[in-house]
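Any value given below was found using the heavy atoms of this structure, including those in side chains, with hydrogens, waters and symmetry copies removed. Lettering follows sequence order; numbering is per chain, from 1. This is a predicted model, so every value here is computed, not measured.
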Protein chains: 2
Amino acid sequence: MADIPATGGETLLFLTDEQLRKGIEAMFFAYRGFTADPDRILEEHGYGRAHHRAVHFINRQPGLTVTTLLDVLGVTKQSLNRVLRTLIEDGLVESRVGTKDRRERRLHLTDKGAALERELSEAQRGRMRAAYRAAGPQAVAGFRQVLEAMMDPQQLRHYQSMRDGG
Amino acid sequence: MADIPATGGETLLFLTDEQLRKGIEAMFFAYRGFTADPDRILEEHGYGRAHHRAVHFINRQPGLTVTTLLDVLGVTKQSLNRVLRTLIEDGLVESRVGTKDRRERRLHLTDKGAALERELSEAQRGRMRAAYRAAGPQAVAGFRQVLEAMMDPQQLRHYQSMRDGG
DNA sequence: ACTTTATGTCAGCCTTGTTGACTTTCCAAG
DNA sequence: CTTGGAAAGTCAACAAGGCTGACATAAAGT
């Protein structure tokens with residue numbers, strides 16, 4: 001990337017519109033690749049991306065409430081409920097009444113749900129792993145820095161709420 | 001990131017599932033931020049993301065044919081046509097019969113279309129610029145390396161077909 | 001003349017998002 | 001104990017934007 005040393009020691013970027021547009025299109029095309037493998041698997045099972053997202057976050061944080069999941073996903077409860085209902089009906093997700101507050105529904109994956117989650121995330125991790133290996137460790141660090149800086153503060157909060165594996 | 005030097009001089013990454021999952025969620029949350037600003041603007045104008053994508057690529061490559069645009073966007077002609085028709089009716093896009101091959105329709109933005117494109121891309125570039133500045137030049141290079149490695153070969157082809165501003 | 005390509009269009013379907021209205025359950029404060 | 005409000009679920013209706021299939025037209029190529 002074109003950059004020039006600044007007087008203070010840090011570097012200043014030449015952020016031309018062309019460079020920024022390149023970054024924008026990189027996001028667009030890469031996101032397509034990012035979802036391509038799970039999409040294929042989901043189609044075989046008769047599910048969509050919305051199901052993937054639900055299953056992913058339930059797996060990440062077993063026992064989370066519907067409200068929490070709504071907040072993370074950023075959709076309406078009606079929209080989520082449609083997805084959640086089919087997952088529960090199909091026996092992938094279990095909805096347990098909260099022990100302390102019995103209005104809450106604590107969401108868990110069943111064995112069947114965990115199996116689908118594994119299938120989906122293995123495919124997605126496979127591509128991510130390949131991209132990481134191809135780009136190298138320094139690139140990976142930069143990748144995550146830029147993505148984090150691109151998030152809305154609310155989203156960043158959800159992102160950071162996890163234990164970090166690296 | 002955790003990495004260990006290998007015997008050959010290159011580095012081997014510890015690609016734990018946790019690290020990969022973090023990268024996956026970074027993509028998910030960042031993509032939401034990435035589309036948030038244009039989405040707001042589009043809504044004011046009564047358009048959707050599909051219109052944004054069409055306008056973006058027509059602006060990038062004025063005079064491109066419908067078939068080319070279909071290939072870049074990766075949707076069906078029926079789907080694109082619906083979007084393209086409203087853009088032409090609203091006077092944002094002009095469809096000119098090809099001079100050499102008169103079956104082709106060459107797509108161009110009108111002044112009005114270019115104005116919307118500018119409004120959208122300025123918002124999106126604004127966020128991208130802020131993220132780039134926050135992360136620094138080295139991070140930006142890594143960001144693009146990982147994204148490129150994540151694309152499908154076909155998508156990579158479209159991505160690379162452009163002149164690179166950096 | 002015939003085939004193929006590029007484009008457009010109609011009809012219908014699905015997923016996944018939305019809003020609005022309403023109910024049930026249940027915790028917690030008065 | 002009653003009541004307010006939060007959590008959850010449900011029904012209806014709608015829109016955007018994907019998809020398939022079928023078909024029409026114009027123009028290019030063989």
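With sequence neighbours excluded, the residues forming a side-chain contact (heavy atoms from CB on, under 4.5 Å) with A:Ala134 are B:Ala149, listed by chain and number. Legend: residues meeting side-chain contact (heavy atoms from CB on, under 4.5 Å) with B:Glu122, ordered by chain and number and at least two apart, are B:Arg118, B:Arg125.
Judged purely by distance below 3.5 Å, without hydrogens or angles, the side chains of B:Tyr159 and B:Arg144 pair a donor atom with an acceptor atom.
The stretch residues 29-49 of chain A touches DNA chain C through A:Gly48, A:Arg49, each having a heavy atom under 4.0 angstrom from the strand. Within residues 50-57 of chain B, the residues approaching DNA chain D are B:Ala50, B:His51, B:Arg53, by heavy-atom distance under 4.0 Å.
A salt bridge links B:Arg96 with B:Glu94: the closest approach of a Lys/Arg side-chain nitrogen to an acidic carboxylate oxygen falls below 4.0 angstrom. A salt bridge does not link A:Asp101 to A:Arg106: none of the charged side-chain nitrogens sits closer than 4.0 Å to a carboxylate oxygen. With respect to the salt-bridge test (charged N to carboxylate O, under 4.0 angstrom), the residues A:Arg21 and A:Glu25 qualify.
Contact check for A:Arg105 versus A:Thr65: no side-chain heavy atoms found under the 4.5 Å cut-off. The shortest side-chain heavy-atom distance between B:Phe57 and B:His158 does not fall under the 4.5 Å cut-off.
Contact detail for B:Leu120 and B:His52: the closest heavy-atom pair is CD1-CD2, 3.6 Å. Considering all non-hydrogen atoms of both residues, B:Met150 and A:Arg127 come closest at O-NH1, 2.9 Å.
Atoms CD1 (A:Ile88) and C1' (D:dT10) sit 13 Å apart, rounded to a whole Å. Rounded to whole angstrom, the span from the CG atom of B:Leu87 across to the P atom of D:dG17 amounts to 10 Å. D:dG17 atom P lies 16 Å from atom CG of B:Leu70, rounded to whole Å. Rounded to whole Å, the distance from CG on B:Asn81 to P on D:dA22 is 19 Å. For the pair A:Leu69 CG and D:dG9 C1', the computed distance is 15 Å after rounding to whole Å. Summarising the geometry, the separation between CD on B:Glu89 and P on C:dG8 is reported as 12 Å, rounded to the nearest angstrom.
Residue pairs meeting the side-chain hydrogen bond (donor to acceptor under 3.5 Å, both in side chains) criterion with at least one partner in residues 81-91 of chain A, sequence neighbours excluded, are A:Tyr47-A:Asp90, A:His51-A:Thr86.
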Practice item. Quick one, give me the B/S/- string for nucleotides 18-28 of chain C, reading 5' to 3', where B means a protein heavy atom under 4.0 Å from the base and S means that only happens at the primed atoms, P, OP1 or OP2. Key: BBBB---BBS-
